[in-house]
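Have a look at the structure below, then the notes.
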Amino acid sequence: MTQLEIQTAQALAGCRFCPGSWEKRFARDMVARSTLAPEKELSDSQREWLFYVAWRYRTQIRNNHKRYDLPVPEGMIAKEKPARPAPRPNEVREARGRKTKAALAPITSMPENQPCLL
């Protein structure tokens with residue numbers, strides 16, 4: 001196994017899976033393989049499924065790494081985007097007011113040749 005595969009398998013050890021799922025059995029097998037026999041190579045399908053499961057549980061992996069101050073496996077999880085600042089309350093009110101004023105604008109004139117349908 002490569003170093004990235006070992007880190008990925010170890011990262012899956014802290015995830016919670018559905019009871020009796022194939023992903024849980026696969027993750028446990030990969031964790032055991034990474035600790036007991038890291039020199040053995042993975043098959044192409046095992047490598048593909050390892051990264052698929054890691055992608056599927058990426059939020060848990062990221063949260064566990066934050067909570068326990070663990071290093072994130074390189075190349076597996078994208079960097080977090082910086083949070084946008086919250087808009088000021090006046091800006092929100094003004095934006096909402098513009099939408100409602102435009103939607104409720106009164107009709108100022110009726111065409112002469114159109115019959116009134118009201």
*Does the ring pair (Phe, Tyr, Trp, His ring centres under 6.0 Å) test come out yes or no for Trp49 and Tyr52, once each step is laid out?*
CA-CA 5 Å; Trp49 284 113; Tyr52 168 77; 5.2 Å; yes
*Can you name the side chain to side chain donor-acceptor pair (under 3.5 Å) partners of Gln10, sequence neighbours left out?*
Ser34
*asked:* To the closest 0.5 Å, what do you measure between CD (Glu41) and CE (Met1)?
replied: 9.0 Å
*How far apart are the closest heavy atoms of Leu4 and Thr8, and which atoms are they?*
O-OG1, 2.7 Å
Table please: side-chain donor-acceptor pairs of residues 11-22 below 3.5 Å, with sequence neighbours left out.
{"residue": "Ser21", "atom": "OG", "partner": "Cys18", "partner atom": "O", "Å": "3.2"}
{"residue": "Ser21", "atom": "OG", "partner": "Lys24", "partner atom": "N", "Å": "3.2"}

*State, to 0.1 Å, how close Ile6 and Pro38 come at their nearest heavy-atom pair, and which atoms those are.*
CD1-CB, 3.8 Å
_Residues in side chain to side chain donor-acceptor pair (under 3.5 Å) contact with Thr59, at least two apart in sequence or another chain_ = none
*With sequence neighbours excluded, what pairs up with Glu23 under the salt bridge (charged side-chain N to carboxylate O under 4.0 Å, His left out) test?*
Arg56
*Taking only residues two or more places apart in sequence, or in another chain, which ones meet Arg47 in a side chain to side chain donor-acceptor pair (under 3.5 Å)?*
Glu5, Asp44
